[in-house]
Amino acid sequence: MRFLIISHTPHKVQGTALLAYEPYIREMNLWLKNVGEVEVIAPLVQEKITNLDKKYDRTDIVFNKIPSIAFTNLKKSLISIVKIPYIFVKICRSIVRADHVHLRCPGNIGLLGSVIQVFFPSKTKTVKYAGNWDPNSRQPLSYRFQKSIIRNTFLSRNIKVLVYGQWKEQSKNIKPFFTATFKDKDRLKPIERNYNIRLEFLFIGSLVEGKKPFLAIKIIEALKRAGVEVQLKLFGEGVLMNKLNAYVEENDLKKNVQIEGGQKLGVIQEALRTAHFLILPSKSEGWPKAIAEAMFFGTIPIATKISCIPYMLGFGKRGLLIDPEIEAASSMIKEGLQNKDKLRSMSLLACEWAQNYTLETFETEIVKLLE
């Protein structure tokens with residue numbers, strides 16, 4: 001089988017190795033264990049290798065580079081429009097050579113791929129929709145357009161669309177799915193936390209507007225003002241790093257907030273073993289790995305009511321659901337902290353649920369999709 005990946009994920013080259021964002025590579029390595037030839041068509045960037053980059057396990061990958069496209073302003077839009085015919089032709093040629101097409105959505109390359117795949121109805125295809133599939137959520141027009149194409153069983157044939165969460169009234173090609181980070185051997189009974197001592201919160205994710213790290217810090221600041229002993233560690237990198245550091249400095253929060261930057265999975269894993277809470281007040285999510293990873297070790301997630309997060313948190317049984325506003329969120333957290341027995345129950349239930357989703361289970365489901 002010749003397996004083709006069409007992705008918007010920026011790739012990097014280091015010697016003969018091909019690298020990309022670690023969570024994406026971890027997942028794709030499981031797919032690639034079960035196929036023959038592999039071709040990847042994606043943008044190539046000339047950027048520094050960071051802790052958040054990981055190599056593909058395979059070295060025999062055919063990499064077909066394409067330029068990235070963006071429509072965030074007029075200049076970028078005009079340049080991208082010029083690039084589209086070239087990208088369109090390259091994707092078509094790659095699909096012709098492929099036996100199985102794996103499309104990563106949502107994204108601008110995913111949008112092109114979702115249109116192009118319509119012209120190849122006999123090709124076997126899977127789509128990993130890593131964003132928010134909630135049909136009632138407000139999303140960019142390009143995302144809604146992608147979703148409308150890939151769920152349409154007349155336009156999109158011989159295709160399985162993998163989405164996060166279970167949603168009512170979906171077409172027959174939609175398959176609820178999940179993702180995983182840890183192995184069966186990583187399953188451990190969570191340590192019993194003491195919720196009467198200083199409470200340790202973690203934020204794990206990109207330091208960008210959509211993840212709302214400023215809101216996480218301000219919620220911690222509000223809890224501190226209310227007399228709650230708290231500490232927050234932020235793991236991640238992004239364009240807001242300098243502004244976040246400046247805010248912490250200017251508001252005398254250095255004893256309560258530490259920005260750790262991007263770290264390897266092992267470092268984060270150790271932090272999750274003992275932390276009390278993970279806070280992720282995101283604006284939008286698909287299946288947030290940080291939440292699933294926290295739950296795996298009994299760290300209670302605190303998150304906004306978006307996408308499949310309420311489902312993941314058992315609608316409040318396995319974590320705290322908050323509103324994306326400082327005072328409301330801090331009040332909801334303070335109320336939740338009052339019942340220590342319920343917190344211990346949440347921690348245990350979160351762990352039991354998350355430990356069903358291991359890499360071995362994930363690979364078993366992938367194999368079924370490839371058969």
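Not measured: the values here are computed from a predicted model. This chain uses plain numbering: 1 for the first residue, then up along the sequence.
Under the 4.5 Å side-chain criterion, counting only non-hydrogen atoms from C-beta, Ser94 is not in contact with Ile6. You'll find the side chain of Ile149 reaches within 4.5 Å of the side chain of Gln117, heavy atoms only. Between Ile5 and Leu32 the shortest side-chain heavy-atom distance falls below 4.5 Å. Inter-residue side-chain proximity for Ile302 and Ile219 is flagged as unmet; no heavy-atom pair is nearer than 4.5 Å. At least one side-chain heavy atom of Asn34 sits less than 4.5 Å from a side-chain heavy atom of Glu363.
Within a 6.0 Å sphere centred on NZ of Lys317, other residues, nucleotides and ligands contribute 12 heavy atoms or fewer.
A distance-only check finds a donor-acceptor pair linking the side chain of Lys123 to the backbone of Ile95 [under 3.5 Å]. Judged by distance alone, the side chain of Ser307 and the main-chain N or O of Glu285 form a donor-acceptor pair under 3.5 Å. Side-chain atoms of Arg318 never come within 3.5 Å of backbone atoms of Trp353 as a donor-acceptor pair (strictly under, hydrogens ignored). For the pair Ser206 (side chain) and Val208 (backbone), a donor-acceptor distance under 3.5 Å is absent. Proximity of a side-chain donor or acceptor of His276 to a complementary backbone N or O of Glu200 within less than 3.5 Å is detected. For the pair Lys212 (side chain) and Glu209 (backbone), a donor-acceptor distance under 3.5 Å is absent. No donor-acceptor pair closer than 3.5 Å links the side chain of Lys224 to the backbone N or O of Val230. Judged purely by atom type and a 3.5 angstrom limit, Lys289 has no side-chain atom pairing as donor or acceptor with the backbone of Gly205. A donor-acceptor distance shorter than 3.5 angstrom exists from the side chain of Arg193 to the backbone of Ala275, with no hydrogens or angles considered. Side-chain atoms of Thr304 never come within 3.5 Å of backbone atoms of Pro324 as a donor-acceptor pair (strictly under, hydrogens ignored).
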Problem set entry | ring-ring contact (aromatic ring centres under 6.0 Å, His included) between Phe177 and Phe362, worked out | CA-CA 9 Å; Phe177 214 63; Phe362 189 53; 5.7 Å; yes
Problem set entry | Residues His11, Tyr24; criterion ring-ring contact (aromatic ring centres under 6.0 Å, His included); working and verdict | CA-CA 11 Å; His11 283 60; Tyr24 160 82; 5.7 Å; yes
Exercise. Would Glu327 and Arg225 count as a salt bridge (charged side-chain N to carboxylate O under 4.0 Å, His left out) if you check the C-alpha gap in whole Å, the side-chain angles of each, and the deciding distance to 0.1 Å?
Worked result: CA-CA 11 Å; Glu327 293 305 322; Arg225 287 198 305 268; 3.7 Å; yes
For this session: Just do the salt bridge (charged side-chain N to carboxylate O under 4.0 Å, His left out) check on Glu37 and Arg97 with the steps written out, would you?
Result: CA-CA 11 Å; Glu37 299 176 77; Arg97 294 190 294 265; over 6 Å; no
Exercise. Is there a salt bridge (charged side-chain N to carboxylate O under 4.0 Å, His left out) between Asp341 and Arg344 once you walk through the steps?
Worked result: CA-CA 5 Å; Asp341 289 336; Arg344 294 185 187 96; 3.2 Å; yes
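Below 30°, between 30° and 60°, or above 60°: for Phe182 and Phe297 the angle between ring planes is above 60°, a perpendicular geometry. The aromatic rings of Tyr143 and Tyr129 sit perpendicular to each other, their planes meeting at more than 60°, with 30° as the lower class boundary. Classification of the Tyr357-Phe178 ring pair by plane angle, with boundaries at 30° and 60°, yields tilted.
A salt bridge is absent between Lys368 and Glu371: the closest approach of a Lys/Arg side-chain nitrogen to an acidic carboxylate oxygen does not fall below 4.0 angstrom.
Looking at Thr358 and Asp184, their side chains do bring a donor and an acceptor atom within 3.5 Å of each other. Remark: the Tyr164 side chain and the Lys128 side chain contain an N/O donor-acceptor pair separated by less than 3.5 Å. In this structure, a donor-acceptor pair under 3.5 Å is present between the side chains of Gln231 and Gln258.
Annotation: the span from Asn29 atom CG to Asp57 atom CG amounts to 3.5 Å, rounded to 0.5 Å.
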